[in-house]
S.K.: 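What follows is a single structure, and I will ask about it in a moment.
Residue numbers start at 1 and run along the sequence shown. Here the structure is a predicted model, which is why all the values come from computation and not from measurement.
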Amino acid sequence: MNSINLLNQKIKVLENLLISLVVQQGETFSECAELFVDTLRNGNTIYWCGNGGSAAESSHLAVELIGRFKDNRRPLPSISLNSDASAITCIANDFGYSQIFSRQLEGLAKSGDLLITLSTSGQSENIIEVLNKARDLRIESIALLGKGGGSAASIATKTIIIDSSETARIQELHLLIGHTLCEYAEAQIFSER
């Protein structure tokens with residue numbers, strides 16, 4: 001197999017996953033998009049978190065709002081709970097790794113904020129803990145998941161589950177979904193001016 005054949009194979013896989021997402025979870029995606037926009041429109045903050053590659057995507061997506069996605073416009077409140085190494089290492093050392101996101105959310109979040117978790121398995125203890133903390137704080141949450149959703153699927157306010165067990169494909173679609181949410185919010189909020 002050459003590289004172009006491999007790329008064409010990935011295109012077909014992603015296309016099928018996207019079609020499945022729209023057909024099976026289109027209404028949920030629309031609800032998530034409106035929740036995302038309403039959170040920002042009301043001046044509230046979107047918090048992101050994940051582990052490994054999902055941590056990198058969480059940081060990436062947070063800065064699409066606080067920086068810019070397409071247009072030069074005012075920053076939108078968005079924080080990656082993965083970005084403060086001092087907080088993460090302090091919390092992990094003093095309270096345990098499972099608390100690295102939930103402790104930050106408890107200290108930072110307020111009513112009307114939104115938590116978005118990215119997890120390919122939905123089984124990471126720190127993701128379960130932060131979703132439970134969001135529920136305790138009455139903070140809405142969106143979980144972007146894969147591999148059937150895992151335990152996180154039953155805790156989050158809204159879930160979008162990529163119908164794949166392949167980590168790379170799940171992460172690629174999580175990033176696409178995150179970019180789509182950011183682009184939609186930017187268009188909705190700044191077309192109102």
Side-chain angles (χ1 to χ4, degrees), residues 14-50 53-82 101 105 108-120 122 127 130-131 134-135 137-150 152-164 169-193:
L14 290 171
E15 179 182 28
N16 289 335
L17 287 171
L18 273 172
I19 290 168
S20 173
L21 174 67
V22 171
V23 169
Q24 296 176 12
Q25 299 178 84
E27 185 176 327
T28 300
F29 177 79
S30 293
E31 292 168 1
C32 290
E34 295 309 317
L35 177 58
F36 190 91
V37 169
D38 289 345
T39 299
L40 295 169
R41 187 182 280 133
N42 293 330
N44 292 99
T45 301
I46 296 182
Y47 295 92
W48 307 79
C49 63
S54 298
E57 288 186 347
S58 295
S59 295
H60 175 140
L61 292 165
V63 300
E64 299 289 25
L65 296 175
I66 200 73
R68 71 167 173 210
F69 186 74
K70 282 186 169 182
D71 300 322
N72 287 333
R73 38 93 180 143
R74 71 174 167 80
L76 295 168
S78 181
I79 296 172
S80 170
L81 299 176
N82 298 98
F101 302 136
L105 189 73
L108 297 169
K110 63 186 182 316
S111 178
D113 289 345
L114 174 64
L115 169 69
I116 300 180
T117 62
L118 287 78
S119 175
T120 59
I127 296 297
V130 75
L131 287 168
R135 181 188 277 177
L137 296 171
R138 298 189 177 155
I139 303 288
E140 301 268 3
S141 60
I142 298 170
L144 303 181
L145 305 167
K147 300 179 183 176
S154 64
I155 304 168
T157 310
K158 304 271 184 209
T159 60
I160 296 176
I161 302 171
I162 305 305
D163 187 19
S164 178
R169 303 298 80 82
I170 296 165
Q171 289 175 335
E172 288 159 359
L173 287 177
H174 284 175
L175 187 59
L176 179 76
I177 290 165
H179 274 161
T180 304
L181 292 172
C182 292
E183 184 172 1
Y184 182 68
E186 194 170 84
Q188 292 297 304
I189 292 168
F190 295 99
S191 67
E192 298 167 354
R193 291 186 268 167

S.K.: Hey, does the side chain of Asp38 reach the backbone of Leu35 with a donor-acceptor pair shorter than 3.5 angstrom?
M.R.: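 Judged by distance alone, no pair lies under 3.5 Å.
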S.K.: Write down the atom of Trp48, the atom of Ser78, and the distance for their closest heavy-atom approach.
M.R.: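 Answer, listing the atom of Trp48 first, then Ser78: NE1-OG, 2.9 Å.
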S.K.: Could you go through the side chain to side chain contact (heavy atoms under 4.5 Å, CB included) check for Phe69 and His179 one step at a time?
M.R.: CA-CA 8 Å; Phe69 186 74; His179 274 161; 3.4 Å; yes
S.K.: So how far is it from Lys158 NZ to Ile142 CD1, rounded to the nearest 0.5 Å?
M.R.: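 The distance works out to 8.5 Å.
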S.K.: Please check: side-chain N/O of Tyr47 versus main-chain N/O of Leu108, any donor-acceptor pairing under 3.5 Å?
M.R.: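 Between the backbone of Leu108 and the side chain of Tyr47 there is a qualifying donor-acceptor contact (under 3.5 Å).
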S.K.: Leu175 versus Leu61: any side-chain heavy-atom pair under 4.5 Å?
M.R.: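 Side chain of Leu175 against side chain of Leu61, heavy atoms only: contact under 4.5 Å found.
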S.K.: Show the nearest heavy-atom pair for residues Ala185 and Leu40, with the distance to one decimal.
M.R.: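 Looking at all heavy atoms of both residues, the closest pair is CB-CD1, 3.9 Å.
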S.K.: To the nearest 0.5 Å, what is the distance between CG on Leu144 and SG on Cys32?
M.R.: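 Taking CG in Leu144 and SG in Cys32, the distance rounds to 7.5 Å.
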S.K.: Determine, stepwise, if the pair Val22 / Phe29 fulfils side chain to side chain contact (heavy atoms under 4.5 Å, CB included).
M.R.: CA-CA 8 Å; Val22 171; Phe29 177 79; over 6 Å; no
S.K.: Under the side chain to side chain contact (heavy atoms under 4.5 Å, CB included) rule, what do Leu76 and Phe190 come out as? Steps first, then yes or no, please.
M.R.: CA-CA 11 Å; Leu76 295 168; Phe190 295 99; 3.9 Å; yes
S.K.: Can you find a heavy atom in the side chain of Ile127 that is under 4.5 Å from one in the side chain of Phe101?
M.R.: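 Yes, close enough: below the 4.5 Å cut-off.
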S.K.: Does Asn44 use its side chain to pair, donor to acceptor, with the backbone of Ser111 at less than 3.5 Å?
M.R.: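 Checked: pair present.
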S.K.: Decide yes or no for Ile162 and Arg169: does some side-chain heavy atom of the first lie under 4.5 Å from some side-chain heavy atom of the second?
M.R.: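 Side-chain contact under 4.5 Å: no.
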S.K.: Between Lys70 and Glu186, does at least one N-O distance fall below 4.0 Å, as a salt bridge requires?
M.R.: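 No, no charged N to carboxylate O under 4.0 Å.
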S.K.: Can any side-chain N or O of Ser141 pair as donor or acceptor with the backbone N or O of Thr157 at less than 3.5 Å?
M.R.: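 At least one qualifying donor-acceptor pair exists.
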S.K.: Would you compute the distance between atom CG of Leu81 and atom OG of Ser58 and round it to the nearest 0.5 angstrom?
M.R.: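 Answer rounded to 0.5 Å: 8.5 Å.
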S.K.: Show the nearest heavy-atom pair for residues Leu176 and Leu18, with the distance to one decimal.
M.R.: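 Nearest heavy atoms, Leu176 then Leu18: CD2-CD2, 3.3 Å.
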S.K.: In Å, rounded to the nearest 0.5 Å, how long is the span from CG of Leu131 to CG of Leu105?
M.R.: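 CG of Leu105 is found 9.5 Å from CG of Leu131.
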S.K.: Determine the minimum heavy-atom distance between Cys49 and Val130, stating which atoms define it.
M.R.: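 Closest approach of Cys49 to Val130: SG-CG1, 3.8 Å.
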S.K.: Which pair of heavy atoms, one from Gly146 and one from His174, lies closest together, and at what distance?
M.R.: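 Heavy atoms of Gly146 and His174 come nearest at N-NE2, 4.4 Å.
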S.K.: Do you know which two heavy atoms are closest between Gln171 and Ser54, and how far apart they sit?
M.R.: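 In terms of heavy atoms, the two residues are closest at NE2-N, 3.7 Å.
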S.K.: Take Leu173 and Leu21 through the test side chain to side chain contact (heavy atoms under 4.5 Å, CB included) and record every step on the way to the result.
M.R.: CA-CA 10 Å; Leu173 287 177; Leu21 174 67; 5.9 Å; no
S.K.: For Ile161, is there any backbone N or O sitting under 3.5 Å from a side-chain donor or acceptor partner on Gln25?
M.R.: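 Flag set: sc Gln25 to bb Ile161 pair under 3.5 Å.
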S.K.: Once rounded to the nearest 0.5 Å, what's the spacing between atom CD of Gln188 and atom CD of Glu34?
M.R.: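 Spacing of CD (Gln188) from CD (Glu34) equals 6.5 Å.
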S.K.: Going from CD1 on Ile116 to OG on Ser80, what distance comes out if it is rounded to the nearest 0.5 angstrom?
M.R.: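 It is 11.5 Å, given to the nearest 0.5 Å.
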S.K.: Please examine the side chains of Glu140 and Thr39, heavy atoms only from C-beta on, and report whether any two atoms are closer than 4.5 Å.
M.R.: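 SC-SC contact between Thr39 and Glu140 ruled out.
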S.K.: Counting N and O atoms only, with roles assigned by atom type, does the side chain of Asp113 sit under 3.5 Å from a partner on the main chain of Ile139, one being a donor and the other an acceptor?
M.R.: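 No; zero donor-acceptor contacts below 3.5 Å.
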